[in-house]
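Worksheet: one structure, shown below.
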2 protein chains.
Amino acid sequence: MNTRVSIQDVAQLAGVAVSTVSRVLNGYRDVSEETRAKVQRAVEQLGYRPNQAARTFRTGKTQSVSVILPMIGTDFYNRLINGIDQVLALHDYDAGLFPLLSPRRLERYRNPSAPPYNADGLILASLNPDRLFEGGQIPADLPTVLVDIAHTAYDSVTVDHIEGGYLAGKHLLERPAPTFVVMIEERFDTPFASGVFRERLKGFQRALEEDSVKLPKDHVITVEFSWDGGRLAAQEILRRLEGPANIFATCDLLAQGLIDEFAHKGIKVGGEVRLVGYDDQPWAEAYGLSTVKQPIESMGGLAANLLLKRIKRPPAEVIHRVLSPRLVVRESSRV
Amino acid sequence: MNTRVSIQDVAQLAGVAVSTVSRVLNGYRDVSEETRAKVQRAVEQLGYRPNQAARTFRTGKTQSVSVILPMIGTDFYNRLINGIDQVLALHDYDAGLFPLLSPRRLERYRNPSAPPYNADGLILASLNPDRLFEGGQIPADLPTVLVDIAHTAYDSVTVDHIEGGYLAGKHLLERPAPTFVVMIEERFDTPFASGVFRERLKGFQRALEEDSVKLPKDHVITVEFSWDGGRLAAQEILRRLEGPANIFATCDLLAQGLIDEFAHKGIKVGGEVRLVGYDDQPWAEAYGLSTVKQPIESMGGLAANLLLKRIKRPPAEVIHRVLSPRLVVRESSRV
DNA sequence: TCAAGGCACAAAAACGATTTCGGAAACGAT
DNA sequence: ATCGTTTCCGAAATCGTTTTTGTGCCTTGA
């Protein structure tokens with residue numbers, strides 16, 4: 001009974017050809033006002049809505065792009081998605097989000113016919129295509145932009161983590177003191193590992209080297225990516241010394257753990273102990289945490305723009321955009 | 001040059017008919033091992049991958065469902081999405097997320113041909129379809145399940161907020177004291193308003209009534225949905241009385257504001273002042289906050305199951321599932 | 001030996017739109 | 001009146017699959 005109403009039915013009811021209906025629907029102008037009205041009346045009367053699948057099939061366009069990302073819910077991805085979405089909306093594109101919520105999903109998205117690839121373009125956030133696809137490849141004809149990660153074969157937009165670490169280093173150097181870096185232990189057997197923490201460390205070291213300050217190997221403390229990791233790091237540092245210290249936490253979550261643990265021991269971060277985090281999480285301001293802030297929305301917006309460009313124009317050469325982070329100085333590190 | 005390789009090309013190279021290729025691809029069994037191998041070789045050689053749009057066009061199936069939701073990034077939606085995603089993955093379906101990140105998006109999604117409706121089913125989270133579509137309608141032939149909101153015309157899965165409020169009420173009643181409810185001021189001109197806070201209040205009142213306890217009108221304090229709202233409420237309560245109090249905050253964010261403000265005034269919640277929140281946010285445990293916990297993952301999972309059922313079977317009658325929340329008692333309200 | 005049935009595959013129709021091509025009618029200029 | 005030009009619209013091709021129908025050959029059993 002409920003056989004979907006097609007463009008044929010509309011044409012028939014309106015007493016015109018299907019091609020005419022199509023022209024009306026797509027707003028072409030070589031249709032007289034009269035027929036246009038007739039068609040529109042028929043459309044409404046039948047409650048016709050075009051079969052999107054057929055349309056996509058014929059035109060090869062969906063007016064949408066997919067975003068594959070490791071997860072959702074973190075401040076980072078929220079901001080990234082917002083940046084992407086705003087630009088896309090501006091250009092009348094829609095965005096479908098495909099978070100890799102489970103290993104099973106990951107497996108499914110290795111299939112090059114999976115829904116995410118059924119769009120005009122693809123944004124891959126923080127995901128290395130080689131690791132995501134193991135043996136395979138991203139469909140070659142699918143315009144793709146990487147974000148938060150670089151790859152020689154694809155357009156990318158990233159933030160310079162070396163520069164971020166460098167900024168933190170230079171800033172902490174303003175007041176000499178024993179210096180520590182709290183690192184993340186990354187597992188490199190997942191598609192999620194990015195190596196950005198190492199880059200932040202590298203930039204930090206570079207800053208110190210420029211001033212001929214040495215960072216002893218055992219002042220780099222490696223912990224897990226968690227609040228508890230930060231707390232453990234703080235305990236470790238307290239075990240090693242008393243008195244002033246400069247600490248660079250390679251992410252804010254760690255910094256939070258550090259602050260809380262220091263507070264627990266009666267030490268207020270911001271005096272003797274200076275601390276700089278990384279990310280500028282929403283709570284960082286309330287915590288008075290100095291931190292390296294990344295232009296995440298811009299990153300998303302740029303990626304979207306790049307992608308749209310790639311979708312519209314024939315291929316060009318691979319483009320890499322590297323954005324600069326910014327140091328936000330708050331009480332936790334003021335000299 | 002890069003004209004996509006189609007099933008025709010595969011057929012030609014393999015020296016078989018397209019229908020045979022199709023059968024191989026879809027795993028039908030009336031194909032000899034020999035031809036199957038021939039076809040597979042041709043597929044690999046050409047790097048053929050089926051045109052998903054054409055497939056969808058022909059079969060009318062996408063093996064994916066869309067989830068439209070007001071936003072992403074909150075704990076609630078994270079958990080909901082996880083619940084949905086797990087069930088879908090289990091049944092070989094994919095989920096596309098479409099958050100209403102901007103008014104512009106909202107506008108776009110009013111178009112019944114927008115990408116979200118281009119799926120086998122639709123889950124609408126916390127969104128009233130009538131308000132979402134204003135004049136219009138969700139495409140009638142698109143299986144749809146509502147979650148976190150009920151509607152006579154659609155399947156739905158919700159949690160009983162009245163019961164949640166009731167649980168909070170009964171619990172706080174264990175120790176008599178002046179009782180306050182901190183409410184959210186909801187704006188009902190958006191598609192997001194749900195009225196759940198009023199239901200929580202209603203349940204709370206019911207609990208009190210059963211014990212013949214009166215809740216004075218001016219003990220219901222209405223504030224904005226924010227941490228600051230909670231702080232203001234705390235100030236208001238302190239202005240009204242000193243000594244013991246029972247407080248029901250209709251969401252955890254408010255409760256957090258209350259706790260922080262009380263702490264700021266040197267009052268530790270959990271003694272004289274007892275407090276119950278709502279939501280069981282991730283930080284609630286660390287805060288020792290008693291709260292009403294909703295089975296959010298289950299809600300998502302159930303919704304997904306309902307939707308899959310609706311996709312597979314011919315329509316049945318509308319189904320409403322109402323889940324029960326659970327009271328989690330922690331230090332903030334222990335007697 | 002022959003009819004019946006099954007197997008493996010081919011041929012062709014169908015899905016619902018867009019797009020190309022071309023023709024009739026209307027119009028203006030000569 | 002004739003000859004372009006527009007303007008408007010219809011016919012038909014087309015996109016890449018799946019699905020239905022058909023067919024030749026091989027087996028089986030009487």
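Just so it is clear: chains get the letters A, B, ... in the order the sequence lines come, proteins before strands, and each one is counted from 1.
Across the protein-nucleic acid pair, A/Q12 atom CD and D/dG10 atom P stand 13 Å apart, rounded to whole Å. In this structure, the CZ atom of A/R23 is 13 Å from the C1' atom of D/dA12, given to the nearest Å. Rounding to whole angstrom units, CZ of residue A/R29 and C1' of D/dC9 are separated by 15 Å. Between A/D9 atom CG and C/dG16 atom P there is a gap of 9 Å when expressed in whole angstrom units.
Using a 30° and 60° split on the angle between ring planes, A/Y109 and A/Y117 fall in the perpendicular class, above 60°.
Salt bridge annotation for B/R110-B/E107: present, with a cationic side-chain nitrogen under 4.0 angstrom from a carboxylate oxygen.
Defined by atom type and a distance below 3.5 Å, a donor-acceptor pair is present between the side-chain atoms of B/S126 and B/D148.
Only A/Y48, A/P50, A/N51, A/A54, A/R55, A/F57, A/R58, A/T59, listed by number, bring a heavy atom of residues 46-60 of chain A to less than 4.0 angstrom from any atom of DNA chain C. Near DNA chain C, meaning a heavy atom under 4.0 Å from it, residues 32-44 of chain A has no residue at all.
Considering only heavy atoms from C-beta on, B/L124 stays 4.5 Å or farther from B/Y154 through its side chain.
Nearest to the side chain of A/Y28, among C/dT19, D/dG16, C/dA12, sits C/dT19.
Listed pair B/S22 / D/dT18 meets the phosphate criterion, a side-chain N or O lying under 4.0 Å from OP1 or OP2.
No more than 12 heavy atoms of other residues, nucleotides or ligands lie within 6.0 Å of CZ in B/R321, so this atom counts as exposed by the packing criterion.
Atom CG of B/L306 sits about 10.0 Å away from atom NE2 of B/H320, to the nearest 0.5 Å. Taking OH from B/Y93 and CG from B/D85, the interatomic distance works out to 14.5 Å, rounded to the nearest 0.5 Å.
Among the heavy atoms of the strands lying under 4.0 Å from A/S6 are primed sugar atoms or P, OP1, OP2 only; no base atom is included.
Axis orientation changes by 50° from one end of the helix from C/dT1-D/dA30 to C/dT30-D/dA1 to the other, with each end axis drawn from 5 pairs and the value rounded to 10°.
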